[in-house]
Amino acid sequence: MSSNQQSDVLIVGAGPSGLYAALLLGSMGVSVRIIDSKTYVSGSDNPALLLSPHTLQHLQAFDLVQPLVEKGMRHWRFQTYVNHGEAADSVSVERQSFRVWEKKGSQYNWALSCEATDVCNAFRDTLYKRTDIRVDYQHCLVNLQDMSDHGAKSSAMVDYPIVSTIKDLRTGRAVCWRARMIIGADGAESFVRQKLGTRQRNRGLNGVAPFYTLKVTADSNFPGLRTVSMVKKGDSSVLLVGHRKKLFVVVEQDSKWRQLEQLDTDDDLLEAIESHVRSILQPYTIRFTEIHSYRRWNAADPIARDYSVNRRCYLVGSAAQSISPRELLSVNLGLDQVLNLCWKISLFLKNYASSHLLDTFEPESRSRAKDYAVVSDALIALINNAEYEEEDRDDWQSSTSAASTAVQRLRWGKSWHISGAAYPRSDISYSSTQAPNGKLKPYNALELRASAVSGPKRTRSTISTTKTSPSEVSMGSPNSSTTSVLSRSRSLSSLAMRSRSFLGLPRASTDSAPPTGYDLQRRPLARSITRIKARGYQHYDSDSVVVAAHSDRWKIIKANQYDLLQRMGADASPGAFTLLIFCKSVTDDKNIKALQNFKQYMDTPSSFLQYEQRRIHDNRSSIPSESLFSQPPSPSSTSASTPRSSLSSGFTAATNRLSRFFSIFSSNSSLATAPLPPTPQTPPPPLPATGSPLHLFSFIYITSSTKQQVNELLTTKPPQTIHSLFPQGLERLYIDHDNSSHLAYGIDEPAVVVVRPDGYIGMRTQIDKADLLNGYFDSFMIPPVDLDSAAADVANDYLY
């Protein structure tokens, strides 16, 4: 078969889950094809999806949050209203507000409503820009067969056992496509699920009437029109999700509407729903100016009995389960499952992990679906005013017992609104909790040392003592707001000049003559600045230097500090483990000795770093991917392109890492001696896509010492000592902000925390017990052996 008719993974369905899977796998170097039977333009069913803070945190790794914020709307609270009476006698008697999307230490404390079309467009554009992968629309999967069930022995069938027939709906032409794995993300009527023979069971509540979801444009004086609100009156309730100029209305079917559903037109039905919503909202008024779309649905919530088949076929998103209301919960569950699955597929296809790692997807996905189902039951009980009953579950955390009311469940279940609830304990999750966020100083140790070498900073008091012109004096007294603004601008200018000097760029003179044609007479000598007090902070009017564009600007102001989760996402490669090394104080000799011992442990051949050696096997390699390499292979390199043993590749990788580190360390250190000469190398031959190098581990060192203490360590200790403490480089050493990161992780002494690629804590141990890291990675990683040996062939036949 032609090499252009096969890929590592075939994804069926270009919804949010399918596009996110293609984006993750493509960024990890896995060859992907994604198809969808629909056209490029979506249909009328375009619900507003509510993205949780946990989802937004992972989307930020691909810079997707800002484009979605521009199209969506942020929500900080979930509000409940209770109204009584009818018409003129109606009154609102109770209002409660729950911060269900706020969590201490979370990077985002709000949820984002965004229409499904905007989410898919942002995912698709990022997919093409970052991975050059296009979605094949109007391509339908018409047949699927797993040849591994038929005892196939040929190399093509062993390497690519998933045989699919894909039909182009525009031309009617069908082609055969082979893949090593397939991901079904093709919605509730999943063709992949049907071909796999995976049945579904309904989890929904018994005796619950159908529901309606309307997408409308409305005029109303209801205060919660632009929020997520639940309004109750008597035995009726309505759920409102405000989204920019639109409103999504979720209401239970009234028994009087059954006859209206039988009519040829739906005008009478929609009018009855509007009248019903209007009566619930009284004493507030509402009028639907336009009804864009509506749908009728049942809270059956089918869940697939199997999420995976033969470790090669997987179901995610709506193809695996449905959680009601889907606008609030389903999308987050689907994206969670995709993130959980993709890093495991990548490690397996690249021969870093055994197939047993793939077995953890089933229990973790099913546990997450149960967590979402608890919140779903509470929301459905609020909408239909049913009695809420809950049974104790042994797999819940100890702090979550059975709730007596639906509102109590929503208050207790805020972690499920945020997402990131704990996974069940397993070989890859000793801790199983989500990695919390922390605050770091807005610089690393390398930048700190560079600023110390460039000289002391000019303080604001120093700047204010410089000579000023009469025009500057006329602008106000030294204590005026004008002087404060000018001082800040001078500080920024001096900082920019120091930065240019550090980078070796010519410094711009502040005393240079004005450019040609500049009229000094037209230069304003003074500007009237009006200080306005609003919402507890100061800003200036439209004629001033600083402008507050919105009254809620305070909600999005970022503090002058780093987020730990943001640093983890920026420093780590997609699919890599992050090791957080909490150093505590670097002035303590005991902690320094522990860091040196940890470095010596990592230098041993038996440390966990052995798994970063590249493994390539001829019968498990994929086709070469031209997009991964800048130069095509030369004819003379064909003999060198044969799979190399892990011994030689590991030795070369280790040599390259040491040479690269010492060259960077020597060039950045002002105290270092002459750099080591580079190791002579020849350009490596192109590698298969699944055999391309992958950085498995990313390191972040965090110290509780102060800026002065770290600066003293860097200036007093020799380079050899600094290297023995922080072998990954000073750019990976950060200073904890008010000890927040140490407190968030409960660090009392130097420790190592392993964070999985999906943001969950895999394990943690004291730094003087680092050998326990081997036991963790040994449970699911493949040891670096010579894969061309006879023993490796026997093991390969046994495992795969």
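Heavy atoms only: backbone and side chains are in, while hydrogens, waters and symmetry mates are out. By convention here, the first residue in the shown sequence is residue 1.
- Geometrically, R366 engages Y307 in a cation-pi contact, judged by NZ or CZ lying under 6.0 Å from the ring centre and within 45° of the ring axis.
- Two rings, from Y423 and Y760, have their centers less than 6.0 Å apart.
- Taking the six-membered ring where the residue is Trp, F62 and Y20 present perpendicular rings, their angle passing 60° and hence far from 30°.
- Using a 4.0 Å cut-off between charged nitrogen and carboxylate oxygen, D36 and R124 do not count as a salt-bridge pair.
- A salt bridge is defined here as a Lys NZ or Arg NE, NH1 or NH2 lying under 4.0 Å from an Asp or Glu carboxylate O, and K245 with E290 fails to meet this definition.
- A donor-acceptor pair is defined here as one N or O able to donate and one able to accept, closer than 3.5 Å; such a pair exists between the side chain of Q337 and the backbone of G317.
- S376 contributes atom OG, which lies 9.5 Å from atom CG of L328 (distance to the nearest 0.5 angstrom).
- The distance from atom OG1 of T578 to atom CZ of R567, rounded to the nearest 0.5 Å, is 12.0 Å.
- Summarising the geometry, atom CD belonging to E252 is positioned 8.5 Å from atom OG belonging to S237; distances are rounded to the nearest 0.5 Å.
- Between Y212 and Y294, the two ring planes are tilted [angle within 30° to 60°].
- Between F222 and Y81, a ring centre-to-centre spacing shorter than 6.0 Å is recorded.
- The line from NE2 of H243 to CG of L225 is 13.0 Å long, rounded to the nearest 0.5 Å.
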